[in-house]
Each structure stands twice: as structure tokens, then as C-alpha cells.
Amino acid sequence: MSYIEPAPILDHANPLDSMMERFHKAAEHLGLDDDIYNVLKAPARQVIVSLPISMDNGDIKVFKGYRVIHSTILGPSKGGLRYDPAVNLDEVTALASWMTWKCAVVDIPYGGAKGGICCDPRNMSTGELERLTRSYTQSMYSVFGPDKDIPAPDVGTGPNQMAWLMDEYSRAHGGTVSAVVTGKPIVLGGSLGRVQATGRGVMTTALSAMAKLKINPYKATVAVQGFGNVGSWAAHLLKERGCRIVAISDISGAYYNKKGINIGKAMTYRNENKGSLKGFDGGEIIPADDFFKLEVDVIIPAALENVINEKNAENIKAKLIVEGANGPTSHKADDILLNNGIVAVPDILANAGGVIVSYFEWVQNRLGFKWSESRVNRRCDSIIKLGFNNVYKISKEYKVSLRIAAYISAIDKVAKTYKFRDGSFTFQKT
Ligand code: GLU
């Protein structure tokens with residue numbers, strides 16, 4: 001069988017290379033035929049726009065915005081919108097593919113997409129961010145839609161941006177369209193439990209993996225890298241279940257306390273300190289480079305891509321990594337972790353809680369009905385546990401890491417669906 005090889009790897013930090021390497025490996029295990037390999041490899045659509053925005057000082061600044069739709073085979077495409085200075089086409093394309101695999105691995109009826117605007121939201125006013133979000137929405141009016149492509153929050157965005165997006169889309173449409181975006185404020189049709197959902201999924205998959213590895217949560221120590229929405233909620237919920245969170249970090253630094261960090265206090269401090277842990281006194285400051293060398297049982301990378309790479313993977317002492325972020329481990333680090341017996345619950349499974357509850361939000365908007373938080377949490381937990389058990393079973397069957405097993409599960413599902421929809425696949429009598 002011959003495949004078109006992934007593009008040569010020029011830069012270890014390119015997340016698209018990391019995605020393609022795993023895709024390629026899983027495709028080989030599945031014996032995926034060349035035609036489908038080529039269909040699934042290529043993003044279905046890449047839209048790039050220029051967004052001229054009046055800044056508060058009177059200047060006009062032009063921002064670059066992206067929306068990449070990787071696939072609509074399983075349903076309308078779904079995926080977050082990222083505001084970050086490092087946003088570029090390759091990153092958004094990798095993130096869009098990961099959304100396809102993520103939705104498939106937890107069996108929700110969506111394809112994958114991602115949006116991004118290259119900007120620095122920390123240094124922009126609320127007014128500037130609102131104008132930018134509204135302008136992006138106008139440019140993407142023909143791309144978005146409840147049955148076409150549904151954005152959500154990601155790094156640098158949250159309920160405010162989703163509210164502006166929903167409002168701008170609804171104005172252009174001529175009527176309120178709640179289901180065009182998820183992660184909205186509750187009063188605008190957001191789902192209870194959505195804010196905590198990604199961290200909750202990280203907690204659930206971490207506990208499932210700990211059970212397999214015979215790590216007792218009441219004796220486990222955990223380090224969480226990134227203290228945004230995902231990292232802070234994962235830390236909070238794991239602490240509630242008995243784990244000791246001994247280290248947390250954000251761009252201001254890394255904080256260590258061997259007795260355990262008071263996560264509630266850290267969250268309050270961050271909320272009152274413009275989103276930053278700078279000056280937090282609930283732990284001693286340790287050098288950022290030492291973070292991944294810590295003697296802990298579990299590490300949760302919950303910030304950006306490639307923080308675990310071939311340069312630092314060898315130093316990791318934890319037994320388990322649970323990926324709250326998208327793409328935190330480069331493909332070159334995969335083998336190092338595997339050789340050292342370190343288990344990684346991959347991003348496309350571990351952080352799927354967010355998109356699962358986004359799906360519930362979309363369902364509630366379409367039903368015109370609101371679910372209780374306990375119903376949301378219960379259903380999210382059961383979907384993600386099913387996903388975990390399925391991936392675990394495949395990893396044993398194929399003798400591969402949980403990561404490759406997750407890709408095998410996802411690619412197999414999307415490929416089979418494609419064949420049905422394409423008409424070249426016939427029902428087999430069993
Ligand atoms: N940005 C989140 C992710 O990467 C959520 C996506 C969504 O809810 O559509 O999974």
C-alpha cells in the first residue's frame with residue numbers, strides 16, 4: 001500500500017506535522033485505503049480574511065482571521081475560535097483536524113473546524129475586541145450556521161466573544177439564531193456546565209486512567225500547566241476528588257507547594273488579578289524549566305501546543321499525562337514517553353468534555369429547552385467514559401498507545417461514514 005507521505009518536518013514545533021504523523025500511523029494500523037487517506041488528510045475549506053478595525057487611539061489596524069473546516073463528514077463542523085498572537089494557518093488547520101478526530105472519538109455528530117485571529121487580546125480593550133469579533137462574524141457570515149459550522153470558545157475567547165458573535169450573526173440573519181455558536185453566556189442560551197466542561201472531562205479521563213494504572217487518587221500528586229479555564233477547573237475538580245495539586249503555572253511563572261495548593265484561592269486570586277497568577281503567594285516560585293521535571297504522579301498540560309517535546313520529554317517523572325490542551329505533546333516526544341512507560345491520555349479524548357457540552361448546548365437551543373446542570377454533567381461523564389473505555393480497548397487490541405488508539409477509533413468512524421455517504425459502501429449482512 002502506498003501513501004502520499006506527510007510533508008517533510010522542517011520545524012518540530014509545527015502542530016500540523018504532529019497531527020499528520022499520528023494520522024499516518026493510525027491509518028497504517030487500519031490499512032486505510034489511499035483514496036480515503038487523501039480525503040481525510042486534506043482540510044475541506046480554508047478561509048482567510050483581513051479585518052480592518054478602528055482602535056481606541058484612532059488608528060486603523062488590520063488583523064488576519066482564519067476559519068478552517070477540516071471535515072463535514074459526520075455533520076456540521078464544530079470548533080473553537082482562538083485569539084492569540086501565534087495564530088497561523090498551519091496551527092488552525094491542525095486544530096481543525098483535531099476537532100474532527102475529537103468529535104468522532106466521543107461519537108458526537110459533528111465534523112471539525114477551527115477559527116483564529118492573530119491578535120493579542122490581553123492588550124486590547126473590550127471595545128476593540130467587540131469590533132474585531134463583530135467584523136470577523138460579518139466576514140464569516142456565509143461560513144457559519146447551525147447546520148453548517150458552529151464556533152465556540154478557545155484560547156483567548158470566552159462567553160463575551162460568543163455573545164457578540166451570536167448577536168452579529170442574528171442581525172445579519174434577521175432573527176435570533178442561538179444555535180450558531182456555543183459557549184454563550186447562560187442568559188443567551190448557554191448551557192449550564194459548559195464553562196467547567198473541558199476541565200471536568202480532563203478530571204473524568206484522569207480518574208479513568210488512574211484506575212487502570214492503579215494510582216490511588218487520594219494519594220496522587222498532580223501538576224497543572226496553564227491556569228486558564230481548562231487547567232483551573234481540572235485542578236479544582238481533581239482536588240475535590242482527593243488529589244493533591246502540588247504545582248500550577250501560567251505565563252507569570254510556576255508555583256509549587258508540596259502540601260497542596262489551595263485551588264479555590266488561586267482561582268479567586270487570578271480572577272481579581274486580570275486573569276494572571278502573578279504575585280500569588282500560595283506556593284513557592286520555581287523555574288519554568290523545572291515544571292516538567294517535578295516528582296508527581298500526574299501532569300496536566302492545559303495551555304498551548306508543543307510544551308512537551310523531544311527536548312524535555314526525557315525529564316518527565318510522572319506516570320500519567322492528561323492533555324487538557326490541544327496538541328501539548330509533539331509527535332517526537334511520543335516515543336520517548338512510550339519508551340519510559342509514561343501513559344498519555346491524548347487531547348482528542350481528554351479535553352473532549354468541552355465539545356460534548358457544546359453539543360448539548362446546541363441540542364438545547366434547537367429544542368428550546370433547558371437541561372439541569374446535573375443532567376448535563378451526568379451525560380457528559382457517561383459519553384467521555386465510553387470514549388475512554390473504547391480507546392483503551394483498541395490500544396490493547398492493536399498494541400498501541402492511547403493516542404494512536406484514539407486516532408484509530410476516530411479515523412475508522414469517519415472513514416466508514418464517508419464510505420456510506422459516498423455510496424461506495426454497502427451494508428453487510430451480519
Ligand atoms: N475549543 C474547544 C476545543 O478545542 C471547544 C470546541 C467546541 O466546543 O466546539 O475542544
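Here, residue 1 is the first one in the sequence, and each next residue gets the next number. Order of appearance sets the numbers: ligands from 1, and atoms from 1 within every ligand. Quick caveat: nothing in here was measured; it's all calculated off a predicted structure.
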ring-ring contact (aromatic ring centres under 6.0 Å, His included) between F23 and Y37, intermediate numbers included: CA-CA 9 Å; F23 170 74; Y37 181 94; 5.0 Å; yes
Hey, does I383 have a side-chain heavy atom less than 4.5 Å from the side chain of F360? yes
In ligand 1, which numbered atoms sit nearer than 4.0 Å to a non-hydrogen atom of M99? 3 (C), 4 (O), 6 (C), 10 (O)
Kindly compute the distance separating CG (N88) from CG (L16), expressed to the nearest 0.5 Å. 9.5 Å
Minimal heavy-atom distance between A406 and I348, with the atoms involved, is CB-CD1, 3.8 Å
P153 near ligand 1, heavy-atom distance under 4.0 Å? yes
Under a 4.5 Å cut-off applied to non-hydrogen side-chain atoms, are V400 and Y407 in contact? no
Drop me the distance from E91's CD to M19's CE, to the nearest 0.5 angstrom. 13.0 Å
Determine, using heavy atoms of K102 and all atoms of ligand 1, whether some pair is separated by less than 4.0 Å. yes
Has ligand 1 got any nitrogen or oxygen that is less than 3.5 angstrom from a nitrogen or oxygen of S358? yes
Should you measure from each heavy atom of G79, which atoms of ligand 1 turn up under 4.0 Å away? 9 (O)
Ranked by distance from atom 9 (O) of ligand 1, the top protein heavy atom is K78 NZ, 2.9 Å
Nearest atoms (heavy-atom pairs only) where E373 meets L192: N-CD1, 3.8 Å
Side chain, backbone, both or neither: which applies to N326 and ligand 1 if a contact is any heavy-atom pair less than 4.0 Å apart? side chain
Those atoms of ligand 1 less than 4.0 Å from some heavy atom in R194: 5 (C), 8 (O)
Of G353, A152, G183, the one whose closest heavy atom lies nearest atom 7 (C) of ligand 1 is A152
Ligand 1 atoms in contact with K114 (distance to a heavy atom under 4.0 Å): 1 (N), 3 (C), 4 (O)
Would a 4.5 Å heavy-atom cut-off, applied to side chains only, mark W233 and V195 as touching? yes
Could you list which atoms of ligand 1 come closer than 4.0 Å to a heavy atom of D154? 1 (N), 2 (C), 4 (O)
